[in-house]
Amino acid sequence: MSDNCIFCKIISGEIPGKFIYQDDYVVAFEDLNPQAPCHVLIVPRKHIRTTLDLTTADNELVGHIYQVAGKIAHDQGFADDGFRVVNNCNEAAGQTVWHIHFHLLAGRDMIWPPG
Ligand code: 5GP
Ligand code: ZN
């Protein structure tokens with residue numbers, strides 16, 4: 001738990017979130033400003049600031065996040081058509097919340113290269 005971290009506050013229930021999945025390691029909730037029909041944020045309960053702050057102790061956690069992304073995509077019916085998992089690291093990539101998170105986007109055709 002980090003003070004003034006919006007995602008820590010959502011995880012603790014201090015501010016509301018539309019949760020669609022949770023377990024001992026991660027939570028997943030709907031993005032406030034969705035960029036696709038399905039836009040879910042998969043967030044570790046552990047406060048990790050950016051991708052650069054991951055350590056080998058987090059290897060299993062990151063693998064688990066991808067498993068959860070696949071499970072949610074499957075459960076919501078997007079797995080066969082396809083989906084995207086995005087992690088933005090630092091300002092130039094568009095990171096605005098400093099608690100690591102993985103965007104699960106699905107339900108529309110995606111363009112490449114991404115913006
Ligand atoms: P980033 O830009 O850091 O990769 O992604 C942050 C995401 O968090 C954005 O897509 C933004 O819409 C979402 N977000 C910011 N504040 C809140 C909030 O209070 N609740 C929820 N559900 N999403 C938020
Ligand atoms: Zn946090």
Side-chain angles (χ1 to χ4, degrees):
M1 176 79 182
S2 176
D3 289 347
N4 297 321
C5 170
I6 195 136
F7 286 176
C8 281
K9 287 180 179 170
I10 290 173
I11 291 164
S12 72
E14 191 179 332
I15 63 171
K18 288 188 183 169
F19 289 91
I20 57 160
Y21 176 87
Q22 31 190 326
D23 63 28
D24 288 348
Y25 306 101
V26 302
V27 302
F29 51 85
E30 291 178 9
D31 196 290
L32 199 61
N33 183 24
Q35 302 300 313
C38 167
H39 188 170
V40 172
L41 299 172
I42 304 168
V43 185
R45 291 184 183 276
K46 178 182 174 186
H47 181 88
I48 301 169
R49 195 169 174 275
T50 78
T51 299
L52 295 168
D53 298 300
L54 289 165
T55 71
T56 51
D58 301 310
N59 286 357
E60 208 171 320
L61 175 65
V62 175
H64 180 62
I65 286 167
Y66 275 87
Q67 297 270 316
V68 169
K71 176 180 164 41
I72 294 169
H74 180 76
D75 289 352
Q76 296 203 354
F78 298 114
D80 288 346
D81 282 348
F83 59 93
R84 189 172 282 179
V85 179
V86 176
N87 165 244
N88 297 323
C89 181
N90 280 342
E91 280 94 348
Q95 184 172 4
T96 59
V97 176
W98 303 96
H99 179 140
I100 194 172
H101 52 280
F102 293 73
H103 300 254
L104 168 61
L105 297 149
R108 64 168 170 82
D109 290 340
M110 304 285 162
I111 57 165
W112 193 263

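What you see is a predicted model, and the numbers here were worked out from it, not measured in a lab. Just follow the structure's listing: the first ligand is 1, and inside any ligand the first atom is 1. Along the sequence shown, residues are numbered consecutively beginning with 1.
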- Polar atom proximity, H39 to ligand 1 (N or O, under 3.5 Å): no
- Between N90, L32, V43, flag the one that comes closest to atom 23 (N) of ligand 1 by a heavy atom. L32
- Taking only heavy atoms of I6 into account, list the atoms of ligand 1 that are under 4.0 Å away from them. 19 (O)
- Task: Taking the Zn ion (ligand 2) as the reference point, name the nearest N/O/S atom of H47.
- Result: ND1
- Between T50 and D53, do the side chains contain an N or O donor and an N or O acceptor separated by less than 3.5 Å? yes
- Item | Top protein contact for atom 3 (O) of ligand 1, by heavy-atom distance | T96 N, 2.7 Å
- Message: Distance under 4.0 Å to a non-hydrogen atom of H103: what atoms of ligand 1 satisfy this?
- Response: 1 (P), 4 (O), 5 (O), 7 (C), 10 (O)
- Message: Under 3.5 Å between any N/O of N88 and any N/O of ligand 1: does that happen in this structure?
- Response: yes
- Task: Identify, for atom 22 (N) of ligand 1, the protein heavy atom at the shortest distance, and state residue, atom and that distance.
- Result: E30 O, 2.9 Å
- Item | Chi angles and distances behind the side chain to side chain contact (heavy atoms under 4.5 Å, CB included) call for V85, I42 | CA-CA 9 Å; V85 179; I42 304 168; 5.9 Å; no
- Is there a nitrogen or oxygen of V97 sitting under 3.5 Å from a nitrogen or oxygen of ligand 1? yes
- Result for side chain to side chain contact (heavy atoms under 4.5 Å, CB included) between V26 and one of I11, V43, I65 points to I65
- Item | Any donor-acceptor N/O pair, R45 side chain to D23 backbone, under 3.5 Å | yes
- Message: If I compare all heavy atoms of F83 with all of G70, which pair ends up nearest, and what's the gap?
- Response: CZ-CA, 4.1 Å
- Message: Strictly distance-based, threshold 3.5 Å: is any side-chain N or O of E60 a donor or acceptor partner for the main-chain N or O of V62?
- Response: no
- Task: Could you list the atoms of ligand 1 found under 4.0 angstrom from a heavy atom of N33?
- Result: 12 (O)
- How far is atom 7 (C) of ligand 1 from its nearest protein heavy atom, and which residue and atom name does that atom have? D31 OD2, 3.5 Å
- Note on the structure: So for V86 against ligand 1, with non-hydrogen atoms under 4.0 Å, the contacting part is neither
- Looking only at heavy atoms of F7, does any of them come nearer than 4.0 Å to an atom of ligand 1? yes
- Test L54 against T51 for side chain to side chain contact (heavy atoms under 4.5 Å, CB included), laying out the working first. CA-CA 6 Å; L54 289 165; T51 299; 4.1 Å; yes
- Message: What is the name of the N/O/S atom of H99 that is nearest to the Zn ion (ligand 2)?
- Response: ND1
- Query: In ligand 1, which numbered atoms sit nearer than 4.0 Å to a non-hydrogen atom of F29?
  - Reply: 22 (N)
- Task: Under 4.0 Å from a heavy atom of H101: give me the atoms of ligand 1 that qualify, with their elements.
- Result: 1 (P), 3 (O), 4 (O), 5 (O), 6 (C)
- Task: Is it possible for you to say whether F19 and L104 belong to one hydrophobic cluster, with membership spreading through side-chain heavy-atom contacts below 4.5 Å?
- Result: no
- Query: Where is the nearest protein heavy atom to atom 20 (N) of ligand 1: which residue, which atom, and how far?
  - Reply: I10 CD1, 3.6 Å
- Can any side-chain N or O of H103 pair as donor or acceptor with the backbone N or O of H101 at less than 3.5 Å? no
- In terms of hydrophobic clusters joined by side-chain contacts under 4.5 Å, are I6 and I48 together? no
- Looking only at heavy atoms, what is the nearest atom pair of A79 and H74, with distance? CB-CA, 3.7 Å
- Message: Just to confirm my output: which protein heavy-atom neighbour is closest to atom 2 (O) of ligand 1, and how far is it?
- Response: G94 O, 2.7 Å
